[in-house]
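Structure first, commentary second.
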Amino acid sequence: PSKRILIRGGQVVNDDRAFLADVLVENGLIKEIGEQISISEDGQIEVIDATGKFVIPGGIDPHTHFQLPFMGTVSIDDFYIGTRAALAGGTTTIIDFVIPPKGQSLVEGYHQWRKWADEKVCCDYGLHIGVTWWSEQVKADMETLVRDHGVNSFKMFMAYKGSIQVTDSEMIGIMNTCREIGALAQVHAENGDIIDENQNRLIAAGVTGPEGHPQSRPEEVEHEATKRAIMLADQTNCPLYVVHVMSKQAAREISDARREGRVVFGETIAAALASNGSHYYDKCWRHAAAHVLSPPLRRDPTTAGALMDLLSNGDLQTTGTDHCTFNSEQKSMGKNDFRRIPNGINGVEERMPLIWEKGVRTGKLDVTQFVAVTSTNAAKLFNIYPKKGRIEVGSDADIVVWDPESCSTISAAQHHTAGDFNIFEGMTVHGGPAVVITKGVVAVRNGKVEAVKGSGRYLETNAYSPAVYGRINQRAKIHKWEKVERS
Ligand code: URP
Ligand code: ZN
Ligand code: ZN
Ligand code: ZN
């Protein structure tokens, strides 16, 4: 592969502006940006014509689950297939979740995931750590991970009762620790106790099919947990990032909190922006089960558009996928009981084209906003900016030459994941990556993926991201204790 690449004549787009320029890439980095960059034509350089196209920072998917041991099986896309699919869709960085079972050391879990990922990843990746239980040892592990292992985000599960769910009092301990060590607290916001109750009632009533999944987890279940997480984070002066926001109610809770000055961020996912919960009622079991994820897709057809509106006005900041694929055979584990259908859907490959289609083509997002919500905002929040998320001299050469005119129809027959179902099957998307460059190497060209197994690197992320902690101390003043001296 050529060590130097010149991208000629494209419209360079960052989150703050777009301008016509050439981009020169050398040794994995962006070396120069300017009009008509001149080069000696000595054959040592590859020239890519980007006329009529956008030159954007590679996508960052802050929410994937590759080869995740979960619900009695392991998600089918491993770190090779998963990152390869990511590249195929214009995403050059993923952030995955270490999810250690209760009782396991978080540091051990981290090393386990590194071992799985390092030899397989085709692009750079970071890790969030799931905190599934709480003890003095867990607290010490969180400190170690931030200090020595480049971790700066920890996810708590308010659902999945009996396996990885944490209690409010555990969340308080975890949030206090995040605050002390400069990390970002993340939550899966659903009330697991009421879900458990609803599930049992549905099963007792004979509702065993995939339609039982959304019925056991209605919007208010996500809404309540979102509101509670925001309150707990605010009371502990801990910044909060709500992962996979799936409903209007939860999203509005985040908007309101932000308007009150609280340090809360919201991520939604490709599936929520481009699909809906009607699929759970599909007559075909396989079809319905393929859409099972938590929180579920909503049946309210206005949800997707409303979530896109919130990305557009800045109330939600990032888009992930929650990519966690199980094939039909794995999904069949729940054939007689929806509670046993492994939770997870695809999206890592489709995210950027879908957001282009549903966001830019509808006029809700301009191209700079597209870059912000697919890449830059995540880079800032997880503190890998401007190494990632920006076309700038010195930044990593993770670049996508985006063709706004391309047109393709999503299909499991063509996708790069190992799953045998695609929840976006049959959708036509306009806009897609013509060329994808990861760390200065062309990984995708004309739809052909040339990803190199093991070529990606683990991304160390520093604590105290300015985008996250900038306002925390200001906010903390609100919670000063008051003491009255009395005679
Ligand atoms: O259904 C989902 N979301 N599966 C992956 C685990 C999680 O909760 O993120
Ligand atoms: Zn989750
Ligand atoms: Zn079907
Ligand atoms: Zn997830």
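We number each residue from 1, following the sequence as shown. Because only heavy atoms are used, hydrogens play no part in the values below, and waters and symmetry mates are left out as well, while side chains stay in. Note that ligands are numbered from 1 as they come in the structure, with each ligand's atoms numbered from 1 the same way.
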For this session: Using 2.8 Å as a strict upper limit, say whether an N, O or S atom of A159 approaches the Zn ion (ligand 2) that closely.
Result: no
Which N/O atoms of ligand 1 sit under 3.5 Å from a protein N/O, and at what distances?
from: ligand 1; atom 1: 1 (O); to: S294; atom 2: N; distance (Å): 2.8
from: ligand 1; atom 1: 3 (N); to: S294; atom 2: O; distance (Å): 2.9
from: ligand 1; atom 1: 3 (N); to: D322; atom 2: OD2; distance (Å): 2.6
from: ligand 1; atom 1: 4 (N); to: N343; atom 2: O; distance (Å): 3.2
from: ligand 1; atom 1: 8 (O); to: Y160; atom 2: OH; distance (Å): 2.8
from: ligand 1; atom 1: 8 (O); to: H188; atom 2: ND1; distance (Å): 3.0
from: ligand 1; atom 1: 9 (O); to: H65; atom 2: NE2; distance (Å): 3.0
from: ligand 1; atom 1: 9 (O); to: K155; atom 2: NZ; distance (Å): 3.0
from: ligand 1; atom 1: 9 (O); to: D322; atom 2: OD1; distance (Å): 3.3

Problem set entry | Worked check of ring-ring contact (aromatic ring centres under 6.0 Å, His included) between H291 and H213 | CA-CA 10 Å; H291 290 78; H213 180 72; over 10 Å; no
Exercise. Do E349 and N422 pass the side-chain hydrogen bond (donor to acceptor under 3.5 Å, both in side chains) test, and can you show the C-alpha distance, the side-chain angles, and the key distance before you say yes or no?
Worked result: CA-CA 10 Å; E349 183 171 357; N422 193 312; over 6 Å; no
For this session: Indicate yes or no: does R298 engage D300 in a salt bridge with an N to O separation below 4.0 Å.
Result: no
Problem set entry | Proximity of F382 and Y241 rings by center, below 6.0 Å | yes
Problem set entry | Greater than 12 external heavy atoms within 6.0 Å of K227's NZ | no
Exercise. Would one find more than 12 heavy atoms of other residues, nucleotides or ligands at under 6.0 Å from atom CG of N313?
Worked result: yes
For this session: Over 60° means perpendicular and under 30° means parallel, so classify the ring planes of H111 and H149, tilted if in between.
Result: perpendicular
For this session: At a cut-off of 2.8 Å, list the protein N/O/S atoms near the Zn ion (ligand 4), residue plus atom name.
Result: H63 NE2, H65 NE2, D322 OD1
Problem set entry | Residues which pass side-chain hydrogen bond (donor to acceptor under 3.5 Å, both in side chains) with N343, listed by chain and number, not counting sequence neighbours | S294
Exercise. Quick check: does any side chain N or O of K331 sit under 3.5 Å from a backbone N or O of P342, one acting as donor and the other as acceptor?
Worked result: yes
For this session: Quick one: list whatever passes salt bridge (Lys or Arg N to Asp or Glu O under 4.0 Å) with K380, sequence neighbours left out.
Result: D15
